[in-house]
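Heavy-atom basis, side chains included; hydrogens, waters and symmetry copies ignored. Atoms within each ligand, like the ligands themselves, are counted from 1 in listed order.
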Amino acid sequence: MAFQERVFSGVQPTGNLHLGNYLGAIKRFVELQDRYDCLYCVVDLHAITVWQDPAELPRATREVTAAFIACGIDPTKHIIFNQSQVAEHAELAWVFNCVARLGWLNRMTQFKEKAGKDRENASVGLYAYPTLMAADILIYRATHVPVGEDQKQHLELSRDIAQKFNNDFRHAIREHGYGDGFFPLPEPLITGEATRVMSLRDGTRKMSKSEPSDYSRINLTDDADAIAQKIRKAKTDPEPLPSEEAGLKLRPEADNLVGIYAALADTTRAGVLGQFGNAQFSTFKSALVDLSVAKLGPIGAEMKRLLRDPVGIDSILAEGSARAQKLAGETMKAVKDIVGFVRS
Ligand code: TYM
C-alpha cells in the first residue's frame with residue numbers, strides 16, 4: 001500500500017541543546033522542509049521518563065521550540081508542537097504497549113545505558129519509552145524520520161510494532177477498507193557527516209546533554225567566546241591532520257572535529273581534508289572556531305530573541321498542536337475501529 005509521504009521527528013526538552021542535536025537532527029529537519037510535509041515535536045512526555053523540575057520544563061520546551069524556528073523551520077508551512085498537547089500520542093502508545101513484546105524492549109540499549117545499574121529504580125516510562133516513540137511517528141502515519149545514529153534501534157522497533165499491528169489486525173484492517181496494512185514502516189533518515197557527534201573531551205563518547213562537563217559539548221546558546229574556548233580546549237592527538245579519510249580511522253578526536261567541520265560547511269570529510277590535510281590542529285581549530293561562530297552565532301542570537309516572547313512561542317505551539325491533533329484524531333478513530341473499541 002502506498003502511504004502519503006510525511007516526515008516526523010522529535011527532540012526532548014531536557015537541558016541544553018547541543019551541536020549533536022543540531023547537526024544530527026535539527027539542521028536536517030530544516031533541509032527536508034522543501035520536499036515533505038513535516039511535523040517537528042518537542043517531546044515533553046518523553047522528557048518526564050526521568051525527573052524534570054516542573055519549574056524548568058516550560059523553559060526547556062520553549063527553548064527547543066525557539067531552536068526549531070531559529071534554525072529555519074517554518075511553523076506556517078509545517079507543524080511545530082509539543083507532544084503533551086496531543087493526547088492521541090499517549091493513547092496510541094497504550095495500544096502499542098499491548099502490541100510490542102517484552103523481549104523487544106529488553107534489547108533496547110538506550111534503556112540499559114540510561115537506567116544503569118539501578119534498573120529497579122528506573123521509571124516504567126523509561127522502559128516503555130520506545131513504544132511512545134513509535135506512537136509519535138505512527139499517529140501521523142509518517143513515512144520518514146530524520147534522527148541521529150543513537151535513535152536507530154528505536155526506529156527499528158517502531159517498524160516492528162507497525163508490522164506486528166498490521167499483521168495481528170490484518171482482517172479488521174481489510175474489513176475497514178485499509179487494504180493490506182494500516183501503518184507504514186517508517187524509514188529512518190540517518191545521513192550526512194555528523195550522525196554521531198562525539199564529546200569534545202573524549203572522541204569515543206557521544207556528545208550529550210547529560211555529560212557533566214560543559215566543555216564536552218557546544219550548546220546552541222553558547223556565545224562566540226564560549227565556542228572558541230571549547231574548541232581550543234577540545235582533545236586532539238599529536239599528529240597533523242591526514243590528507244585522506246582513511247587516516248581518520250583510528251583517531252576518534254580528529255575524526256569528530258573533521259566531521260563537525262564537514263557538516264557545518266555542508267561538505268564531506270574528504271572535502272575538508274582536501275583543504276586541511278597535513279595542517280596542524282592549531283590551524284584547523286582556528287578555522288573551525290570561525291566556521292562554528294559564523295554558523296551557530298546567528299542561531300543562538302535568534303533563539304535568545306524568540307525566548308524573550310514566551311507568549312509568542314506558546315501560541316506557535318498551541319496552533320501547531322491544534323493542527324497536529326486533527327491528523328492524530330483521524331488516525332486514532334481508525335485505530336479504535338480496527339482494534340474493536342466501541343466509539344460514538
Ligand atoms: P534526543 O532529544 O535525545 O535528541 C534529539 C535528536 O538529536 C540527535 N542527537 C545526536 N545526533 C548526532 N550526534 C549526537 N551526539 C546526538 N545527540 C542527539 C538524536 O538522535 C535525535 O534525533 N527519542 C528521541 C526523541 C523522540 C523522537 C520521536 C525522535 C521522541 N519521539 C519520534 C524521532 C521520532 C530522543 O531522545 O532524542
### Task
Look at the aromatic rings of F8 and Y140 and report parallel, tilted or perpendicular, splitting at 30° and 60°.
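Because their plane-to-plane angle is under 30°, the rings of F8 and Y140 count as parallel.
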### Message
I'd like the residue list for ligand 1, meaning every protein residue with a non-hydrogen atom under 4.0 Å from the ligand.
### Response
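Residues within 4.0 Å of ligand 1: F8, S9, G10, V11, Q12, H18, G20, N21, G24, A25, V43, H46, Y129, M133, D136, I137, V145, V147, G148, D150, Q151, A194, T195, R196, V197, K206, M207, K209.
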### Query
Where the side chain of E193 meets the backbone of R269, is there a donor-acceptor pair that is under 3.5 Å apart?
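Yes.
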### Query
Do T331 and E88 meet the criterion of a side-chain donor-acceptor pair at a distance under 3.5 Å?
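Their side chains do not contain a donor-acceptor pair, so the 3.5 Å distance test is not met.
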### Set of salt bridge (charged side-chain N to carboxylate O under 4.0 Å, His left out) partners for K77, sequence neighbours left out
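Checked K77 against salt bridge (charged side-chain N to carboxylate O under 4.0 Å, His left out); matches are D74.
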Donor-acceptor list for residues 49-57 side chains, cut-off 3.5 Å, not counting sequence neighbours:
| from | atom 1 | to | atom 2 | distance (Å) |
| --- | --- | --- | --- | --- |
| T49 | OG1 | H46 | O | 2.7 |
| Q52 | NE2 | A47 | O | 3.1 |
| Q52 | NE2 | V50 | O | 3.4 |
| D53 | OD1 | A55 | N | 2.9 |
| E56 | OE2 | R59 | NE | 2.7 |
| E56 | OE2 | R59 | NH2 | 2.8 |

### Message
Applying side chain to side chain donor-acceptor pair (under 3.5 Å) as the test, list every pair that has at least one member in residues 270-295; sequence neighbours left out.
### Response
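Residue pairs with at least one partner in residues 270-295: there are none.
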